[in-house]
Number of protein chains: 2
Amino acid sequence: MALRIDDMDKKILGELQRDAAQSLDEIAKRVGSSKTPVWNRIRKLKEAGVIRQQTVLLDAEALGFEACFFVLIRTSEHEADWQQKFLKALRERPEVLEAHRLAGDIDYILKVQVQNARAYDTFYQALISEVKVHNVTALLSMEEIKSTSMLPL
Amino acid sequence: MALRIDDMDKKILGELQRDAAQSLDEIAKRVGSSKTPVWNRIRKLKEAGVIRQQTVLLDAEALGFEACFFVLIRTSEHEADWQQKFLKALRERPEVLEAHRLAGDIDYILKVQVQNARAYDTFYQALISEVKVHNVTALLSMEEIKSTSMLPL
DNA sequence: AATGAAACGATCGATTT
DNA sequence: AAATCGATCGTTTCATT
């Protein structure tokens with residue numbers, strides 16, 4: 001870890017974010033370098049964990065995941081014990097794509113992607129039966145205006 | 001579009017989500033098929049837009065993006081004109097990683113990834129000077145419990 | 001759906017700057 | 001120390017069966 005990242009690294013990461021399928025030669029040309037140094041930098045960035053995963057982004061609707069909810073959670077329980085159980089439950093449920101612990105009066109936010117509203121209800125019932133939560137608000141997405149994983153390097 | 005997706009397609013997509021860098025042979029072995037049919041299916045899935053992008057997921061903190069906000073927006077304006085302008089503003093701002101139009105009394109939710117709280121304020125001031133919004137609540141993430149782009153196929 | 005071959009790209013060591 | 005070159009090996013791509 002603790003790798004110093006310079007402008008060339010950022011350019012390379014930008015290219016990989018944009019299209020991870022392009023060849024080394026192509027990336028090298030675009031960033032104004034050549035194959036070997038680019039390859040060495042990518043290797044180091046992977047080792048350091050800066051590049052976490054190489055993946056494909058899929059069209060959720062085409063695959064039948066037509067409902068996306070943002071779930072705001074307030075809890076009264078703040079004991080380590082309860083939290084451990086809650087986090088474990090979230091990590092184990094594959095329909096929870098994102099989960100964050102928040103500052104302020106809302107304690108957690110989740111992004112939950114499911115087939116339909118009924119599937120959300122099933123998820124919700126299962127979650128509250130596993131762990132006690134004080135208050136839950138579900139926000140239903142009507143339209144995905146934008147969705148990207150690309151950091152603005 | 002309108003491609004029929006069967007179980008074999010789903011298995012292949014699952015493998016690609018898990019690790020898009022693995023070779024065709026490896027994917028074929030894992031899904032119990034062989035190179036050519038797997039290759040043909042992947043090609044069709046790309047053409048149909050089911051596979052939208054091949055990319056790398058980066059460690060935001062390692063790259064200095066230490067602040068993540070979820071922004072809840074209420075607006076009084078609901079004219080087509082205003083909306084066009086608002087959506088355009090969101091799409092053009094690279095710090096907005098996600099934006100959804102919602103059902104219910106909150107109209108929009110954004111996920112905004114920036115270097116620090118000051119950078120968020122800059123973003124916020126720029127946004128509200130571009131388009132009128134009625135009410136904005138920013139939720140600051142203290143901890144990313146989970147973050148994945150993998151659909152549970 | 002399998003085979004196999006040609007084109008292409010990744011990887012890495014040797015050589016040069 | 002770091003870039004270039006080039007050999008080798010593996011992979012993709014696609015025509016044929």
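Below, read A as the first sequence line, B as the second, and so on, with proteins coming before strands; counting in each chain starts at 1.
- Among the nucleotides dT11(C), dT3(C), dT13(D), the one closest to any side-chain atom of Thr36(B) is dT3(C).
- Relative orientation of the Tyr120(A) and Phe123(A) rings is tilted, given thresholds of 30° and 60° on the angle between their planes.
- With respect to Glu15(B) and Arg18(B), a salt bridge is recorded, a charged nitrogen being found less than 4.0 Å from a carboxylate O.
- Residue Ser23(A) is in sugar-phosphate contact alone, with no base atom involved, counting any heavy-atom pair closer than 4.0 Å across all strands shown.
- In this entry the distance linking CD of Gln22(B) with C1' of dT12(D) reads 15 Å, nearest Å.
- Residue Met8(A) contributes atom CE, which lies 21 Å from atom P of dA1(D) at whole-angstrom precision.
- Set against dT11(C), dA1(C), dT12(D), the side chain of Leu24(B) has dT12(D) as its closest nucleotide.
- The pair Glu143(A)-Arg101(B) meets the salt-bridge criterion, with a side-chain N (NZ, NE, NH1 or NH2) lying under 4.0 Å from an Asp/Glu carboxylate O.
- Residue order along DNA chain D, read from the 5' end via each residue's closest nucleotide, puts Arg41(A) first among Arg41(A) and Lys35(A).
- The phosphate of dT13(D) has OP1 or OP2 within less than 4.0 Å of a side-chain N or O from Trp39(B).
- Ring centers of Tyr108(A) and Phe86(A): under 6.0 Å apart, within the cut-off.
- Within the nucleic acid shown, Pro37(B) comes within 4.0 Å of sugar-phosphate atoms alone, with no base atom in reach, counting heavy atoms only.
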